[in-house]
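Quick caveat, the model's predicted, so the values are computed rather than measured. Below, chains carry the letters A, B, ... as their sequence lines are ordered, and counting in each starts from 1.
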Amino acid sequence: MSETILTVDSVTKCFGGLTAVDDVSFTVQKGEIVGLIGPNGAGKTTLFNVISGYYSPTKGSVVFQGNDISGKPPYHLAGVGIGRTFQVVKPFAGLTVLENVVIASFLKHPKRTDAERHAWQVLETTGLADRAHVSAAGLTLAGRKRLEISKALALEPAFLLLDEVVAGLNPTEADRTVELIMKLKGQGLTILIVEHIMRVIMNISDRLVVLNFGRKIAEGTPAEVCGDAQVIQAYLGEAAA
Amino acid sequence: MKTTNSRGPAILGILVAALLILPLVVHDTFVLRVLTEGIMWIGLAIAFDVIAGYTGYLNFGHGAFFGIGAYTIAILMMQANLPFWAALPAGGLAAGVVALIAGIPTLRLKGAYFAIATWALSRAIQQLALNVEFTGGPDGMRLNAFLNPQFFYYLMLITVGLTFLILWYLLERAPFGLKLKAIREDEEGAKALGLNPTKLKMQAFILSALPTGILGGIYAYWITFIDPSSTLGDLVSDQAVVMVVFGGMGTLFGPALGALLIFAFKTIFWAYLSDFQLLYLIILGALIAVSVIFIPNGLWGTLFKRKAAPPRREEPALTAVVAPEEGN
Amino acid sequence: MELLPQALTDGILLGGIYITIAIAFSLTYGVMHVIDFAVGEWIMFGAFTGFYLNKWTGLDPFIFLPVIFVLYFGIGYLIQPVIHRVLSGTKGNPFLMGLVFTFGLAIMFRGLALTVFGFYSNSIPSMFSEGSFNIDQFGITVTIPAVRLVGLCYALAITGFLHYLLKKTNFGLGVRALAQHKDAAGLMGVNSKRTGSFVYGIYVGISAMTGVLMGCILSIGAQMGNEYTIFAFFVVVLAGMGYLAGVPWAALLLGLVQSIFMIYFNPSHTLLAVFAILYVILLISPRGLFGKGV
Amino acid sequence: MNLLDVQDISVNYGDIQALWNISFSVNKGQLVALIGANGAGKTTTLKALCGLIPTAAGSIHYQGSRITGLPVHKVVDQGITLVPEGRQLFPKMTVEENLLVGAYLKRAHGKRAQTLKRIYSIFPRLEERRTQTAETLSGGEQQMVAIGRALMQDPQVIMFDEPSLGLAPIMVQEVFKVIQELHREGLTIFLVEQNVHQTLKVADYCYVMENGRIVGQGTGKDLEADQSIREAYLGF
């Protein structure tokens, strides 16, 4: 549990005059689930986009498995083992569920038959196999979120970035997704997850990193973070605490 | 796409056999000539669809590649005295190189830019051909005549057949086609899955240009006379667009069907209404507009709407980690 | 070098007129988010309307400008809902279909024009066609044909009108709001369909009027549209898509390129030069000369 | 009679049902709040109310007349307006132009000079920045413009979609102060928020949403005391 897989080192990201992420540093150890929380607009998705190569950091660096990956394009990062999901799920709508996943499988399985076989396995794992031939546009929200995870998993990543994969699901669907995430952790996957549903994130995370206005305001185990006055204030407004 | 049911290959096989035997039965050169050109249009339409339908980037200057191929071969044969077979690959290559050069700035841009930039490129290339000397300017170029209708029929058939097979393999069987579709659907999302859109779009653009250039070359040798308005004019591009939009974008059969129907219509129209040739342009334009409004998925997409295939397991799952759930 | 002042003058006079086309074209793109491939054809139709009105009545084509504007405004107003329908479709890819649709319109219009007007090129006679002003000072000789001067006045008037409309009127405020954020504009009470129709109508009307002018200054022909579509595109790309403030500079540059090629080189190489510049700009700065496009 | 009456509305996005039979009502002069987690369907509810997205079923009545299915520009003409999530200003326009677009409707156009003066008196900072483009403003200032722009319409009902989103605590306080001020002046307010504590304190009546359904309602005090709401919403 002590091998560092990801180091976010004083990352700052500005858009024009706006600083969306401000000097954030933390590390992720191999095999753990780290939760990234904070109120809406705290900079979580921006940070995700920096880590996954969609933005290059204005300052600071991101190191993955010993290599500086800051500013590398997303497709390169997918190649070195970083899979991600998107908060706003946009499947390749004109394609079937299977085809969606096959595209991701090509990364490690360049032959189409191998990729398809692998995609089937992923769909079995994520519970979408019976919908494999449905058009991705026809999935429910729960299905789409699951498809997002399937696509990321099909890359066979070492490190998974999950952006709000539970939000918007009903409790049963949410529980299934949590179950899936725990299973993936059991298989040795390292996960960084952004989530709004506290019940979920508190349960599954080994550690939490809390952002507010782009800055890291707390880090620690769920219990530690829960007791943090700053965190409570960020969530409940100042009347609480 | 799983359009191949049990009847599909059979029908296709019969069709191919019929096309192969046809010249032995039919000796009417007019019929042969019409068929040769019809086959050529199928090739042009499916090549156009690689970048338009599969990748989602409309190339409104597809005719430029055709003209470049034609001129390259004419110039190499007439001025460098190369034999046809040596010149032919150069036609495709030249079109590919132009696609590469034109694609570098334009493929980085949004779809609207690309569409109009390619269209402007085709106008510019036409201007170039009109204004430089080695193309003969507006007078065009005459090639040494090789009058053998059967030869050109078979050459066109084989070229288009091979193009079809290669494109079908690359786009429908190999990973390439799915990757292009992923870019068409969501370029940003595709990046997260390890796809490099810039590279893939460029490959698609070149793949679209290569066969088009070769067909242009064959056309030049066959027709023996080319000028800027016949090979580099709007009509080639315009027809390609209408064939693909009318037939159905994003498949190979749609554009082929569109090419057949539009070309048949054109042949009949020009044969019987040759006084109203300009009317043809109006009909082309109107057909595009009407197709867009009423059959946005094209004829093929509308007639053979893909049904949701029944659940099918190709391989038994090797590691069923989570039991499949009842539908949600 | 004695031709240089003349080339510059011609270029500015011509570029002034291109501003009108490009602003209207750019505005339409901003509001509808689709490039109208038929822009050149509207110019061509306008030019022929002016030509025939002049031929039938013997009156000066400039008198008909308002009539032509109203006529083409109406046509544009009626066509826009169809484009809107294509763009808000759910099947296929509406954006691609929108592009294909205007492309189809352009082909249809070109065919129509060739059928009706034939292949010949003409020019529209005007009372301003003959006269010219000569400036001969400091050893510089410049001839300014009256018609071009009138053209510049027209361009200034139209640009002024558009500026007033967009910046000073409530309608213009709504148009700009619509171009920047459709939903928010709706929340402010802007009727997106009707405003879109108005904008498209104004654009078609201005393009048609400009066609008359170009017909007086240069020439008209059923195939003239192509060139103007490329010009409009050139100006908009050079300015940076959606960056209206860059339009005048890009239009002037286009006018200069054209006049320099007319005077120093072969006029039929203009299109090549335009394309070469376009290519380099797209390669170096895809967001236009000022880097402010979208 | 209720000023705004929503009966059993459902909304679908493609094949996905986002809202399930939502019903609620707002009385004249009330401040009614809608709270719920991200993705619960709050923004969808607001969009459906003002005609930005179509409803699949149900009806919306305003002042007794049916406004279901009206296009957005007609809805706002009735006197309902929305301060949208993420402000949605016109980025390239100046502050003043943004405010003036608010008075686009004929109804509001005549009084625009007075209303503008009033808004500058509520938000003096905006008068200082009136010639700056909206995109150069800070988040808090943008929120002021968004509220000002809505007020320019001279509305009877203002709907707020997460007005405190992404604002510094001090700005959140200010936004809430303004909302309460408007309420006191007699405006009817429908507030969608994630900032539960503040919201419950200011609201006359509250609805709680989860997964596209209304799952609870009551006065602010009732809900604040309700442990289950706290848990469902925050988890701690």
Measure across [X] and [Y] and return the closest heavy-atom pair with its distance rounded to 0.1 Å.
{"X": "A:Pro74", "Y": "B:Ala192", "answer": "CB-N, 4.4 Å"}
{"X": "A:Asn100", "Y": "B:Leu193", "answer": "O-CD1, 4.4 Å"}
{"X": "B:Ala182", "Y": "A:Ile103", "answer": "CB-CD1, 3.6 Å"}

Given side chains that start at C-beta, do those of B:Asn196 and A:Tyr75 come closer than 4.5 Å, heavy atoms only? yes
Of the listed A:Lys151, A:His76, A:Arg84, the one with the largest count of heavy-atom pairs under 4.5 Å with chain B is A:Lys151
Nearest 0.5 Å, what's the [atom1]-[atom2] distance between [X] and [Y]?
{"X": "B:Lys181", "Y": "A:Phe92", "atom1": "NZ", "atom2": "CZ", "answer": "12.5 Å"}
{"X": "B:Glu185", "Y": "A:Glu99", "atom1": "CD", "atom2": "CD", "answer": "10.0 Å"}
{"X": "A:Arg112", "Y": "B:Leu178", "atom1": "CZ", "atom2": "CG", "answer": "4.0 Å"}
{"X": "B:Lys191", "Y": "A:Tyr54", "atom1": "NZ", "atom2": "OH", "answer": "6.5 Å"}

Contact origin within A:Pro110 toward chain B - heavy atom pairs under 4.5 Å: backbone
Please flag which part of A:Ala104 lies under 4.5 Å from any non-hydrogen atom of chain B: side chain, backbone, both or neither. both
So, the part of B:Ala174 with a heavy atom under 4.5 Å from chain A: the answer is backbone
